[in-house]
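Within every chain, numbering begins at 1; the chains are lettered A, B, ... in the order of the sequence lines, protein sequences first and strands thereafter. Values in this document were obtained by computation on a predicted structure and should not be read as measured data.
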Amino acid sequence: MSDVKHALRTAFAAATKHLGIDPGEIPVQEVPAGKPGDYGTPLAFALAKALRKNPAEIAASIVAAFEPPEGVLRAEAVGPYINVFLDPGAFVAGIAAGAPDAEPRDRKVIVEHTSVNPNKEAHVGHLRNIVLGDAVARILRADGYQVEVQNYIDDTGRQAAESLFAAQYFAQTPPGEDASEKLDHWYGRLYVQLGEAKETDAEAIETGVRDTMHRLEAGELRREVERIVHAQLETFWSLGAEYDLLVWESDVVDSGFLARGLEVLEASPYVSKPTDGKYQGALVMDVAEFIPGLEESTVVLVRSDGNAVYVAKDIGYHYWKVGIFEGLAYAPFADQPTGSTLWTSHPAGEAHPVGQTFAHGQEIVNVIDVRQSHPQTLVRAALALSGTPEGQEASRNTKHLAYEVVTLEGQAMSGRKGVTLAIDHVLEEATRRAAAVVAEKNPDLEDAETVARQVGLGAMRFAMLKSEAKRIIDFRWDQALNLQGDSAPYVQYAHARAASILRAAGEAGVDATAADWATLGPLELTVAQQIARLPEVRAQAARELAPHLIAQYALDLATAWNAYYNHRGEDGKPDTPVLRAEPGLREARLALVAAVKRTLADALALLGIDAPEAM
RNA sequence: GCGCCCGUAGCUCAGUCGGAUAGAGCAGCCGCCUCCUAAGCGGCAGGUCACAGGUUCGAAUCCUGUCGGGCGCACCA
């Protein structure tokens with residue numbers, strides 16, 4: 001909510017007082033193009049019933065009592081709507097001064113994302129998870145939260161075991177650091193081959209995989225899994241994602257989180273160990289009160305053979321995340337591209353390196369695909385059943401950001417069958433395509449390689465973020481790597497244009513200090529109104545965990561700016577030059593351009609997309 | 001069978017928690033660089049907002065039902 005909108009709410013409320021009725025929350029919105037005024041409210045509709053008068057009459061009487069706040073010229077009743085006219089100069093001057101950062105919240109959010117099985121290269125299905133999680137983390141941080149990002153490593157699962165056993169089965173030696181094929185790709189290939197070999201040698205393979213799972217649980221293969229994780233991290237980093245902590249499933253189990261979580265749950269009246277019937281010998285939880293409408297509300301936590309199911313581990317992990325118990329130890333794992341240290345849970349680590357706990361999240365965001373909705377609900381139910389006040393609170397504050405799958409040219413992807421598209425390949429191709437366009441459009445560009453990477457990666461990230469998470473994305477090369485239209489390059493180009501003007505202004509020695517704001521008009525105002533929206537859009541995106549709102553906003557602002565840039569007067573000639581404008585007007589427009597550039601860059605940054613100075 | 005999600009232009013999607021003539025991009029057609037980057041801009045054409053009821057001054061948006069599509073519901077992970 002911009003300051004002006006806020007001031008208008010107050011002013012409308014005051015102007016409504018004489019009617020003797022509480023209008024409640026007053027909506028203030030941008031006036032549609034073609035209607036008189038700049039901001040307006042449909043407030044009169046809401047009052048019409050109680051006052052038993054027609055809305056237009058009410059609007060007129062509110063207008064009569066309206067005292068314009070600073071920067072607002074006057075109000076006018078447009079039928080039942082009450083619209084106000086802004087002073088363009090004052091408004092743009094306010095925008096040029098910049099928007100304040102969000103208030104720090106002193107509230108910690110743990111965002112869990114990526115969590116790719118450590119047995120193969122990441123593909124475009126994972127790409128959506130990584131980019132979505134990374135964008136949400138950035139947005140929450142910008143909205144004032146303290147954010148920590150965790151990446152869960154399922155190192156005791158079947159998939160890791162299959163890949164590691166495949167090397168043994170095919171008597172292959174994993175490549176070293178300097179090999180031409182990345183280690184994660186290498187294992188991914190063998191993983192698929194093992195799947196094929198199962199058709200003829202199922203029993204031997206099953207025995208080998210089981211044996212490997214035991215070795216994984218015993219920690220014997222940790223070093224090799226770490227090498228795979230390092231290889232995967234190269235991909236994640238190249239996308240611009242970084243993490244605070246890796247949490248290994250084996251460490252979660254070794255730290256006793258599974259056992260302690262079950263202990264907590266056993267005290268709950270909803271958890272029992274039936275001595276007869278279908279669930280004899282198992283530990284089960286009744287979730288009927290938490291998930292209404294289930295035919296079968298009994299969930300098994302520990303099988304009658306004594307083995308815990310997967311969700312039980314996840315429950316233990318979440319009890320730790322929200323601070324019901326402690327116990328992980330940590331060690332540094334890697335230095336990340338921007339210089340931050342990535343930590344990992346580790347059996348031989350220390351409890352509180354640099355005073356960090358990595359737990360005690362007051363809000364939990366789990367970026368996991370929609371097919372995991374059921375187990376996620378079980379985790380939330382288990383938090384509520386913990387019998388602790390933290391658990392109750394945590395259950396409410398744990399959010400599952402459920403995103404839909406990515407299909408490949410209409411086909412479901414399958415890591416098992418090798419029907420995938422590796423992120424590394426897509427990024428390479430995206431950069432190649434961007435480089436070709438750069439070479440064509442701007443052959444003299446310095447740092448063409450860097451720009452090509454920024455544009456190619458930007459296009460990829462934007463393609464994953466511009467629609468709602470619940471929308472299925474069908475990955476198609478020409479759409480995902482689109483460099484025009486509704487895309488990151490469109491926004492980046494708008495930014496580069498603004499940068500270009502500011503660069504030329506700097507060379508000409510023009511700066512914004514001599515601005516004559518009174519020379520500005522409705523064209524500048526329209527752009528400035530778009531700029532003013534970012535803080536409220538950002539707040540909404542944070543509230544709803546919806547990066548697509550930022551992407552759509554960035555497109556809107558770029559469109560408004562491009563339209564302004566290309567605007568022509570009635571004579572058909574450009575009428576919005578900046579540097580060629582009269583002194584005073586020139587400086588005022590320049591200040592607007594600076595605000596456009598800054599805001600475009602800010603919006604892109606929330607999506608993890610770089611804004612090149614030239615392209 | 002039960003639960004969740006989706007159905008808006010030929011295609012891919014927005015649609016400001018119920019408001020003003022339903023907006024973009026791609027595809028099609030027509031224009032715009034003696035002017036700060038044409039990866040751009042302007043225009044034309046294209047929609048019974050799946051369907052039927054209901055609530056409301058007002059519904060793409062809320063409620064109910066129907067149809068169509070996707071996903072989930074194991075002592076799997």
Side-chain angles (χ1 to χ4, degrees), chain A residues 27 29-35 40-42 45-46 48-49 54-55 78-81 83 117 154 157-159 278-284 291-296 298-305 307 309-311 313-314 369-375 377 402 404-405 434 437-438 440-442 445 455 466-468 470-474 476 478-479 482-487 489-490 492-494 496-505 508 533 536-537 540 544 548-549 551-553 555-556 558-559 562-568 572-574 576-581 589 593 614-615:
Chain A
Q29 51 203 208
E30 283 79 16
V31 168
K35 297 282 176 187
T41 179
F45 285 113
K49 194 168 199 179
N54 84 58
V78 180
Y81 290 90
N83 291 356
N117 272 310
D154 181 6
R158 187 175 181 94
Q159 294 206 27
K278 188 177 167 189
Y279 296 106
Q280 187 180 354
L283 184 70
V284 299
I291 315 174
L294 276 183
E295 275 174 66
E296 177 56 81
T298 307
V299 173
V300 172
L301 296 170
V302 180
R303 299 193 292 251
S304 45
D305 66 7
N307 286 317
V309 300
Y310 177 81
V311 258
K313 295 176 194 168
D314 216 12
D369 85 67
V370 67
R371 294 170 301 188
Q372 303 275 342
S373 293
H374 185 63
T377 311
E404 265 293 353
V405 294
V437 176
V438 169
E440 178 202 332
K441 306 275 183 187
N442 198 344
L445 184 63
V455 170
K466 73 173 171 183
S467 313
E468 294 174 281
K470 64 188 175 193
R471 199 69 70 176
I472 292 172
I473 292 180
D474 185 29
R476 290 184 198 152
D478 41 333
Q479 272 176 18
N482 183 18
L483 303 186
Q484 31 161 241
D486 281 348
S487 69
Y490 176 85
Q492 290 171 316
Y493 183 72
R497 268 183 160 170
S500 168
I501 294 173
L502 291 164
R503 210 160 37 237
R533 286 179 55 217
E536 62 188 84
V537 172
Q540 192 188 353
E544 298 176 8
H548 84 279
L549 294 173
Q552 295 294 335
Y553 167 76
L555 291 171
D556 286 344
T559 299
N562 276 329
Y564 176 81
Y565 182 93
N566 283 300
H567 196 271
R568 282 142 196 280
K573 293 197 172 147
T576 52
V578 177
L579 298 176
R580 271 179 269 268
R589 282 181 172 168
V593 173
M615 60 188 276

Looking at [options], which one has an atom nearest to any side-chain atom of [X]?
{"X": "A:Gln552", "options": "B:C76, B:A14, B:C11", "result": "B:A14"}
{"X": "A:Tyr310", "options": "B:A20, B:A77, B:U37", "result": "B:A77"}
{"X": "A:Tyr493", "options": "B:C35, B:G72, B:A38", "result": "B:A38"}
{"X": "A:Ala282", "options": "B:C75, B:A39, B:A14", "result": "B:C75"}
{"X": "A:Ser500", "options": "B:G72, B:A39, B:C36", "result": "B:C36"}
{"X": "A:His548", "options": "B:G15, B:U12, B:G40", "result": "B:G15"}
{"X": "A:Arg497", "options": "B:U21, B:C75, B:A38", "result": "B:A38"}
{"X": "A:Gln484", "options": "B:C36, B:C26, B:C32", "result": "B:C26"}
{"X": "A:Asn442", "options": "B:C41, B:G19, B:U37", "result": "B:U37"}
{"X": "A:Lys35", "options": "B:U21, B:C35, B:A77", "result": "B:U21"}

Watson-Crick/G-U partner (both atom distances under 3.5 Å) of [N]:
{"N": "B:U66", "result": "B:A50"}
{"N": "B:A14", "result": "none"}
{"N": "B:G58", "result": "none"}
{"N": "B:A22", "result": "none"}
{"N": "B:G31", "result": "B:C41"}

What are the two closest non-hydrogen atoms of A:Gly485 and A:Tyr490, and how far apart are they?
O-CB, 3.0 Å
Inter-nucleotide [atom1] distance ([N], [M]), Å rounded:
{"N": "B:U34", "M": "B:A39", "atom1": "C1'", "result": "23 Å"}
{"N": "B:C62", "M": "B:U16", "atom1": "P", "result": "10 Å"}
{"N": "B:G70", "M": "B:A50", "atom1": "C1'", "result": "16 Å"}
{"N": "B:C67", "M": "B:C51", "atom1": "C1'", "result": "7 Å"}
{"N": "B:C57", "M": "B:C2", "atom1": "P", "result": "36 Å"}
{"N": "B:G28", "M": "B:C36", "atom1": "P", "result": "29 Å"}
{"N": "B:G3", "M": "B:G40", "atom1": "C1'", "result": "48 Å"}
{"N": "B:C41", "M": "B:G58", "atom1": "C1'", "result": "36 Å"}

When rounded to the nearest 0.5 angstrom, what distance separates [atom1] in [X] from [atom2] in [Y]?
{"X": "A:Asn83", "Y": "A:Lys35", "atom1": "CG", "atom2": "NZ", "answer": "9.5 Å"}
{"X": "A:Arg158", "Y": "A:Tyr310", "atom1": "CZ", "atom2": "OH", "answer": "15.5 Å"}
{"X": "A:Tyr553", "Y": "A:Arg533", "atom1": "OH", "atom2": "CZ", "answer": "6.5 Å"}
{"X": "A:Ile472", "Y": "A:Ser467", "atom1": "CD1", "atom2": "OG", "answer": "12.0 Å"}

To the nearest angstrom, the CD-P distance between A:Glu468 and B:C6 comes to 8 Å
Indicate, with a heavy-atom threshold strictly under 4.0 Å, whether [X] touches base, sugar-phosphate, or nothing.
{"X": "A:Gln29", "result": "base"}
{"X": "A:Ala33", "result": "base"}
{"X": "A:Arg371", "result": "sugar-phosphate"}
{"X": "A:Gln372", "result": "base"}
{"X": "A:His567", "result": "nothing"}
{"X": "A:Ala614", "result": "base"}
{"X": "A:Leu549", "result": "sugar-phosphate"}
{"X": "A:Ala48", "result": "nothing"}
{"X": "A:Val437", "result": "base"}
{"X": "A:Thr298", "result": "nothing"}
{"X": "A:Val438", "result": "base"}
{"X": "A:Ile472", "result": "sugar-phosphate"}

Taking OP1 and OP2 of [N], is either one under 4.0 Å from a side-chain nitrogen or oxygen of [X]?
{"X": "A:Arg471", "N": "B:G7", "value": "yes"}
{"X": "A:Tyr565", "N": "B:A38", "value": "yes"}
{"X": "A:Arg303", "N": "B:C76", "value": "yes"}
{"X": "A:Lys470", "N": "B:C5", "value": "no"}

Below 3.5 Å, does any donor atom in the side chain of A:Ser304 face an acceptor in the base of B:C75, or the other way round?
yes
Does the base of B:A20 carry an N or O that pairs as donor and acceptor with the side chain of A:Asn83 under 3.5 Å?
yes
Can you tell me whether the base of B:C33 sits syn or anti, using the 90° cut around 0 to define syn?
syn
Stacked pair A:Phe45-B:G19, distance under 5.5 Å, angle under 30°
yes
